[in-house]
J.: 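One structure is given below, represented as structure tokens, and several questions about it will come after.
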Amino acid sequence: MKNFLRIFLLTFLILPSNVFAQVEDDEEPFYLKDALAQLKKKEPPLSLEARLNENEIIFRYKRFFVDYNRVDSQKNLNFIKMNVNNEIFSLMGTGLNWSYGVTGITWKDSDENNFVPVPTVGIDFYMTIRPRVKFYTQFSGMPVGGFGRIYDAETGFKYSPSKHFTITAGYRHFSAKVHDKNNFSNFTTSGAFVGVRSDF
């Protein structure tokens, strides 16, 4: 009886390491590992985009986003957006983000430079429709009482022939009505755009 117990205990101590190792391997087949690797793959943290038919530069570092656009060089009218993007959900190439930030409007009126910062919130939806093609649409803005209002809407496609290069194309509408002291600025710009983005 003692010999039987010794053999049983030795068998119990030796077998589990092999058995459990086999169970762990079986629980996560190779195709599941590949799918998990795809889900964990992150975009490069740094990107720079230039819109070819607009005087616009877009810089992104991780969740931080800066967009500079020179709307009218004669009036020295331009805006700069500084946003922080936050993920709501992301699954299989489709996701939804929300953002908050500040849009600064600068313009020249009667030889006087004016600047108005306006806080904004936004929403951004994207969906992968082909392995290298994404559709996206986004909106941001806010009415700010006596300061005026800003609305920025954009929709388009992103084509990525490689991990570090993307071509963007779409349509954008930007509208702002703000005032600084007694100087007012009311402008709207809209139209199609084409851009190139490099990721690092």
Side-chain angles (χ1 to χ4, degrees), residues 42-87 95 97-126 134-144 147-160 162-181 183-200:
K42 300 293 184 182
E43 292 185 1
L46 180 67
S47 74
L48 187 64
E49 179 180 348
R51 300 272 172 93
L52 301 181
N53 55 329
E54 297 183 355
N55 299 315
E56 186 172 9
I57 298 291
I58 300 171
F59 172 79
R60 176 178 62 87
Y61 178 70
K62 294 185 177 179
R63 297 190 306 123
F64 301 96
F65 182 92
V66 179
D67 180 356
Y68 172 79
N69 192 323
R70 191 168 183 80
V71 181
D72 189 334
S73 59
Q74 293 180 349
K75 295 181 179 180
N76 196 25
L77 175 63
N78 54 65
F79 69 84
I80 181 168
K81 295 176 62 176
M82 294 178 287
N83 284 354
V84 178
N85 295 322
N86 302 277
E87 183 180 280
N97 300 326
W98 75 279
S99 65
Y100 62 90
V102 176
T103 299
I105 306 292
T106 65
W107 75 96
K108 192 173 183 179
D109 188 12
S110 301
D111 296 327
E112 183 177 352
N113 292 321
N114 305 280
F115 173 74
V116 177
V118 180
T120 59
V121 293
I123 196 80
D124 175 15
F125 171 78
Y126 63 90
K134 282 185 179 179
F135 165 80
Y136 74 95
T137 183
Q138 58 191 35
F139 174 83
S140 66
M142 182 179 290
V144 194
F147 288 103
R149 50 104 178 114
I150 288 179
Y151 299 121
D152 188 6
E154 180 178 322
T155 187
F157 295 89
K158 298 178 181 180
Y159 170 64
S160 302
S162 69
K163 183 179 180 181
H164 299 283
F165 182 74
T166 301
I167 300 171
T168 59
Y171 186 88
R172 184 178 189 178
H173 176 80
F174 186 92
S175 176
K177 183 179 181 180
V178 293
H179 71 86
D180 181 16
K181 299 177 183 177
N183 298 320
F184 290 82
S185 178
N186 185 2
F187 73 92
T188 298
T189 177
S190 60
F193 66 86
V194 176
V196 291
R197 190 182 86 188
S198 181
D199 299 284
F200 307 94

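Keep in mind that what you see is a predicted model, and the values were worked out from it rather than measured.
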J.: If you take all heavy atoms of Glu49 and Gly195, which pair is closest and at what distance?
T.: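 Scanning both residues, the minimum pair turns out to be OE2-CA, 4.4 Å.
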J.: Listed by chain and number, what are the side-chain hydrogen bond (donor to acceptor under 3.5 Å, both in side chains) partners of Gln138, not counting sequence neighbours?
T.: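 Result, side-chain hydrogen bond (donor to acceptor under 3.5 Å, both in side chains) vs Gln138: none returned.
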J.: Please list, chain by chain and in numerical order, all residues satisfying side-chain contact (heavy atoms from CB on, under 4.5 Å) with Phe157, sequence neighbours excluded.
T.: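 Counting only residues at least two positions away or on another chain, Phe157 forms a side-chain contact (heavy atoms from CB on, under 4.5 Å) with Ile129, Val133, Phe135.
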J.: Does His173 use its side chain to pair, donor to acceptor, with the backbone of Ala153 at less than 3.5 Å?
T.: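 No, the answer is negative, given that no donor and acceptor are paired below the 3.5 Å cut-off.
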J.: What pair of heavy atoms forms the shortest contact from Ser175 to Arg149, and how long is it?
T.: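 Closest approach of Ser175 to Arg149, heavy atoms only: OG-NH1, 2.9 Å.
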J.: Check each of Asp124, Asn85, Val84 against Phe65 using the side-chain contact (heavy atoms from CB on, under 4.5 Å) test, and report the only one that passes.
T.: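 By the side-chain contact (heavy atoms from CB on, under 4.5 Å) criterion, Phe65 pairs with just one of Asp124, Asn85, Val84: Asn85.
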J.: Would you tell me whether Ser140 and Lys81 have side-chain atoms, one donor and one acceptor, within less than 3.5 Å of each other?
T.: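 Yes, because at least one side-chain N or O of Ser140 sits under 3.5 Å from a partner of the opposite role on Lys81.
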J.: Please test Tyr171 against Ser190 for side-chain contact (heavy atoms from CB on, under 4.5 Å), starting from the C-alpha separation and ending with a verdict.
T.: CA-CA 7 Å; Tyr171 186 88; Ser190 60; 3.6 Å; yes
J.: Decide side-chain contact (heavy atoms from CB on, under 4.5 Å) for Asn69 and Asn78; before the verdict, give the C-alpha distance in whole Å, the side-chain angles of both, and the deciding distance to 0.1 Å.
T.: CA-CA 6 Å; Asn69 192 323; Asn78 54 65; over 6 Å; no
J.: Salt bridge check, Glu154 against Arg51: does any charged N sit closer than 4.0 Å to a carboxylate O?
T.: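 A salt bridge links Arg51 with Glu154.
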J.: List the atom of Val102, the atom of Asn83, and the distance in Å for their closest heavy-atom pair.
T.: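 Minimum heavy-atom separation between Val102 and Asn83: N-OD1, 4.0 Å.
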J.: With a cut-off of 6.0 Å (strictly less than), are more than 12 heavy atoms of other residues, nucleotides or ligands near OH of Tyr159?
T.: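 It does: Tyr159 OH has more than 12 such atoms within range.
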J.: Taking all heavy atoms of Ser99 and all of Asn86, pick out the closest pair and write down the distance.
T.: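 It is CA-ND2, 4.5 Å.
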J.: Side-chain polar contacts of residues 113-123 - donor-acceptor pairs under 3.5 angstrom, sequence neighbours left out - could you list them?
T.:
residue, atom, partner, partner atom, Å
Asn114, OD1, Asn183, ND2, 2.9
Asn114, ND2, Trp107, O, 3.4
Asn114, ND2, Glu112, O, 3.1

J.: What verdict does the side-chain contact (heavy atoms from CB on, under 4.5 Å) test give for Asp152 and Phe139, after you've listed the backbone C-alpha separation in whole Å, the side-chain angles of each residue and the deciding distance to 0.1 Å?
T.: CA-CA 6 Å; Asp152 188 6; Phe139 174 83; over 6 Å; no
J.: Determine, step by step, whether Asn97 and Tyr126 satisfy the side-chain contact (heavy atoms from CB on, under 4.5 Å) criterion, reporting the C-alpha distance in whole Å, the side-chain angles of both residues, the deciding distance to 0.1 Å, and the verdict.
T.: CA-CA 9 Å; Asn97 300 326; Tyr126 63 90; 3.8 Å; yes
J.: Taking the side chain as every heavy atom from C-beta outward, state whether Tyr136 and Thr155 have any atom pair closer than 4.5 Å.
T.: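 No, too far: nothing below the 4.5 Å cut-off.
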J.: Are Phe79 and Tyr68 an aromatic pair, judged by ring center distance below 6.0 Å?
T.: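 No, they do not, as the ring centres are separated by 6.0 Å or more.
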J.: Please name the pair of heavy atoms, one in Val196 and one in Thr168, separated by the smallest distance, quoted to 0.1 Å.
T.: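 Reported closest heavy-atom pair: N-OG1, 4.4 Å.
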J.: Consider only side-chain N and O atoms of Arg70 and Asn76, and report whether a donor and an acceptor are under 3.5 Å apart.
T.: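 Yes, a side-chain donor-acceptor pair sits under 3.5 Å.
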J.: To the nearest 0.5 Å, tell me how far Phe193 CZ sits from Leu52 CG.
T.: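 Phe193 atom CZ to Leu52 atom CG measures 10.5 Å (nearest 0.5 Å).
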J.: Taking the basic N atoms (NZ, or NE/NH1/NH2) and the acidic carboxylate oxygens, is any pair closer than 4.0 Å for Arg172 and Asp67?
T.: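 Answer for the salt bridge query: yes.
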J.: Quick check: closest heavy atoms across Thr103 and Phe174, and the distance to 0.1 Å?
T.: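 Between these two residues, the closest heavy atoms are CG2-CZ, 4.4 Å.
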J.: I'd like to check Ile58 versus Val66 (side-chain heavy atoms, cut-off strictly below 4.5 Å). Are they in contact?
T.: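 When only atoms from C-beta onward are counted, Val66 and Ile58 do not touch, as no gap falls below 4.5 Å.
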